[in-house]
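Inspection log for the structure reproduced underneath, given as structure tokens.
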Amino acid sequence: MHEGILAGIRVVEIACGIPGPAAGLLLSEAGAEVIRIEAPGSDAEQGTALFSVLNRGKRRVELDLDRDDGRGRLRALLADADVLIHDFIPRRAAALGLADDVLAAACPQLVVSAITGWPSRHPLAEALPRESLVLARLGLLDEQPGHRPGPIFVRMPFASWLAAWFCVIGVMARLIARRRDGRGGAAHTSLAQAALAPMSMHWSRAETPTPVFAKGLDKTTPIPLHRCFDGRWIHVHYSPDKAPWMAEALAAMGPEAVAAENAKYPPSHVAPNFGANRAIIATRPAQEWVEHFWQHDVAAQVAAPFGEIYRDEQARANGFVVMVDDPVLGHVFEPGPAYTTDPPPRLRGGLLPLESDPAWSVPRAQAFDGVPKGQSGSAPLTGLRVLDLGAYLAGPFATQLLADLGAEVIKVEPPGGDAMRRLERIFAGTQRGKLGATLKLGDPTAQPALAALVRWADVVHHNVRLPAAHKLGIDYETLKAINPALVYCHISSYGPLGPRKDWPGFDQLMQAACGWEVECGGEGRPPMWLRFGVGDYFAALSSVFALLLAHFQRQITGDGQAVAASLLGATLLTVGEAVMRADGSLSPIDHLDAAQTGVSPDHRLYRCADGWLAVAALRPEEARALAALAGNDREAWFAAFSRETACECLTAAGVPCEPALENPGLSFLDDDGCRRAGLHAAYPHAVYGHLEQVGAYWNFCDLPLALDRAPPALGEHSHRVWRSVGLDEGQIQSMVAAAVTNP
């Protein structure tokens, strides 16, 4: 079996829940050797499907870190490790000898990623990392429209999965910087920073906003989830009006009836005949509709039950679903690797004791030469040159992250602008840090400029459908002929193989296919889309991880390669809460209640006299304390108190809780604690004046991030870009005259 790109890299993981173990899994599948540290008797999660999925391919060792001998053994492991991942709050990390300054002195080679609830400089830095509490305090539970007024419990733990991706991207960026600087260091992230990533398209403020920017994307916009004749639901993205069945039905309905149906709902920016579409779709079964839409290039998906995706032909063709012989669960179907590289990510068996393999050793990783090279003070990816040819959300957000990490990014869009520019606030949330140029790809006059860009670049990244990429001359083989050392990264909807490899797809459809729309709706309620666009962000982050792996390898071999990620593969990884047994049955998961308040009496939202409070009593002692305090009629207990009083009582009893803030609006951007923690970014924009947005997703401590360049206006840097890649003034003016670039 191939070793993997990270062969020789040793990772020590001390974490529970999803973020840390998922990060360890991703690094393990990329070739690293991962040692999982477990406390004595820490078996609460063991035996569950999620535990088995997240910990396959790792070695375990039991250490009592509250004892001197346990901490001594940990120090010995860290002395020969390259990466430490943990989820300790700062006070606990310091008590265990894991503070950044202590580790930097004892293990200068070590890259350390702490995944906490909040950044270290935030007032809540010492709060336990519980996703529902972080979302409540940020106000995100009220950003999601539900089946009732007020904040709702978000069933999909999207921030935890995003935090895992942010962790491994930070680790890779720091490993790349380690080759430059000769030392390791921090690459911290948090649930709060991960949760804020999707809000980059919603939470921003401009000094001189246009009307479109000021409006943003209203959370009351109707979502095209339609109930079909058989009671099943389908999610349709963009207007289905040109599909023959729909066109015929609209014509038969007549303009007045169409207008009457449309008037029942607020206007939709994706479907002008939303109401009429809804009435017509109710006349046929779901499978008939979705197959008809697929035949006519309309992006649609049935809102499937959770786990049904394990049967999907497309998912299996791409290895997004794999059969695993698990030592506890037996032969089961689980999520496979979400991306492709060369060599590919490797799939390994279950979690095993470290001592069970006498051949196990801890060699110094060859990727680190142990020679400090001084203090660079540069952002981790300084010097990396990225050509962004993507559009919409997943592709541009990925390259924005690279810009945040210090890469020089050139965004190329058509002279008429990226299709997402019509949603100005969303567009701005994926473009900061880039130089913007316009170019009419596919036009013969543009070829010299494209070739110059490709020769300049280390990386090309896009999410254009591959048939269109071939027509435009931006496919891998064409660009590789220009620059053989290129790392070429593509994001598709459904993966690079299988019958749907070239199909259109969007985040909404992946939430539907993977069962999250059904689960987020609550038991017995209609399915519900999470407006946070999580599939796009999963795909964006997974593509950055794949790209950095390829760049890490290129630094050794000098060879480029094509890597790939997808909306389906990245979203399907989150289905690992359940596995499918060989007989087709699914392991159990927690379901959201019909009121959308939570998954159990110990983990849910409660309504107090003056607002909602989130409770996450996840440990046995916390659940016992909650039961002792609130008794059997918990809703009555909470209703009798103000939120502040209830929170004080719970905190005194040792029950984790946070207020579920409502109508957060711009309050996040006015929060001084968030500002001090680096969660804000601000810069002058060519159109909007002073622009404020979501800030840093990592803390590298001694290395800065590059958060000082606003999203580009259309063609703002075209002339500068063309000069920088070697075009002369005559060539530039010829392109302007031919209308393949803007003046």
Side-chain angles (χ1 to χ4, degrees), residues 1-2 4 22 25-26 28-30 49-50 52-54 56-57 161 232 234-235 286-287 290-291 294-295 299-326 329-350 465-466 490-507 509-519 535 538-539 542-543 546 562-587 589:
M1 176 182 288
H2 63 84
L25 172 67
L26 295 170
S28 173
E29 290 183 339
L50 183 60
S52 292
V53 169
L54 295 183
R56 66 189 183 211
W161 289 102
R232 302 181 77 191
I234 61 172
H235 201 136
Q287 195 61 33
V290 79
E291 289 179 3
W294 288 347
Q295 290 170 6
Q301 198 74 48
V302 174
F306 195 85
E308 186 67 24
I309 192 65
Y310 283 131
R311 306 178 192 275
D312 186 81
E313 174 189 12
Q314 182 70 19
R316 293 189 178 191
N318 284 280
F320 302 150
V321 170
V322 293
M323 172 69 86
V324 174
D325 184 9
D326 186 88
L329 303 176
H331 285 86
V332 292
F333 290 102
E334 298 181 358
Y339 62 90
T340 59
T341 54
D342 183 19
R346 58 181 183 172
L347 187 70
R348 295 189 288 178
R465 282 201 266 175
L466 287 182
H490 179 248
I491 299 177
S492 65
S493 297
Y494 288 94
L497 303 172
R500 281 176 274 167
K501 65 184 178 67
D502 296 325
W503 283 20
F506 301 85
D507 153 69
L509 308 188
M510 306 309 148
Q511 290 191 40
C514 290
W516 284 115
E517 290 194 330
V518 169
E519 290 303 317
F538 293 145
S542 63
S543 77
V563 302
S566 69
L567 296 173
L568 178 60
T571 307
L572 200 152
L573 182 61
T574 67
V575 182
E577 286 190 31
V579 297
M580 180 175 283
R581 304 181 185 96
D583 64 2
S585 63
L586 203 70
S587 61
I589 65 168

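Residues F538 and L567 form no side-chain contact, since every pair of their non-hydrogen atoms from C-beta on lies 4.5 Å or further apart. In this structure, S566 and Y339 have side chains that are not in contact, with every pair of non-hydrogen atoms separated by 4.5 Å or more. Residues L568 and I309 are in side-chain contact: their nearest non-hydrogen atoms beyond the backbone lie under 4.5 Å apart. No side-chain heavy atom of V332 sits under 4.5 Å from any side-chain heavy atom of M580. Counting heavy atoms from C-beta outward, L329 and R581 have side chains that stay 4.5 Å or more apart. When side chains are defined from C-beta on, V322 counts as touching V324, because their heavy atoms get closer than 4.5 Å. E29 places a side-chain heavy atom less than 4.5 Å from the side chain of R56. Considering only heavy atoms from C-beta on, F506 stays 4.5 Å or farther from Q301 through its side chain.
Proximity of a side-chain donor or acceptor of D583 to a complementary backbone N or O of S585 within less than 3.5 Å is detected. Judged by distance alone, the side chain of W294 and the main-chain N or O of A299 form no donor-acceptor pair under 3.5 Å. In this structure, E334 contributes its side chain and D326 its backbone to no donor-acceptor pair below 3.5 Å.
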The test is side chain to side chain contact (heavy atoms under 4.5 Å, CB included); show your working for Y494 and D502 and say whether it passes.
CA-CA 8 Å; Y494 288 94; D502 296 325; over 6 Å; no
Given M510 and S493, is the side chain to side chain contact (heavy atoms under 4.5 Å, CB included) satisfied, shown in steps?
CA-CA 9 Å; M510 306 309 148; S493 297; 4.2 Å; yes
Begin with the C-alpha distance, continue with both residues' side-chain angles, and end with the deciding distance and a verdict on side chain to side chain contact (heavy atoms under 4.5 Å, CB included) for V302 and Q287.
CA-CA 7 Å; V302 174; Q287 195 61 33; 4.0 Å; yes
Does H235 form a side chain to side chain contact (heavy atoms under 4.5 Å, CB included) with Q511? I'd like the steps, not just the answer.
CA-CA 9 Å; H235 201 136; Q511 290 191 40; over 6 Å; no
Before giving the answer on salt bridge (charged side-chain N to carboxylate O under 4.0 Å, His left out), spell out for D312 and R500 the whole-Å C-alpha distance, their side-chain angles and the decisive distance to 0.1 Å.
CA-CA 11 Å; D312 186 81; R500 281 176 274 167; 2.5 Å; yes
CA sep, side-chain torsions, deciding dist, call: W516, F306, ring pair (Phe, Tyr, Trp, His ring centres under 6.0 Å):
CA-CA 7 Å; W516 284 115; F306 195 85; 4.9 Å; yes
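Pairing each heavy atom of G336 with each of L573, the nearest pair is O-CD1, 4.4 Å. Taking every heavy atom of both residues into account, A304 and A513 meet most closely at CB-O, 3.8 Å. Between T341 and V563, the shortest heavy-atom contact is CG2-CG1, 3.8 Å. Contact record, A539 with A565: O-CB, 4.0 Å, taken as the closest heavy-atom pair. Residues R348 and S28 share a closest heavy-atom pair of NH2-OG, 2.6 Å. A578 and I589 make their closest contact through CB-CG2, 3.5 Å (heavy atoms, listed as atom of the first residue, atom of the second, distance).
The CG atom of L26 lies 9.0 Å from the OG atom of S542; values are rounded to the nearest 0.5 Å. Going from atom CG of D325 over to atom NE2 of H331 covers 4.0 Å, rounded to the nearest 0.5 Å.
Around atom CD of E313, no more than 12 heavy atoms belonging to other residues, nucleotides or ligands sit under 6.0 Å away.
Relative to the ring axis of F333, R311 does not place its NZ or CZ within 45° and under 6.0 Å from the centre.
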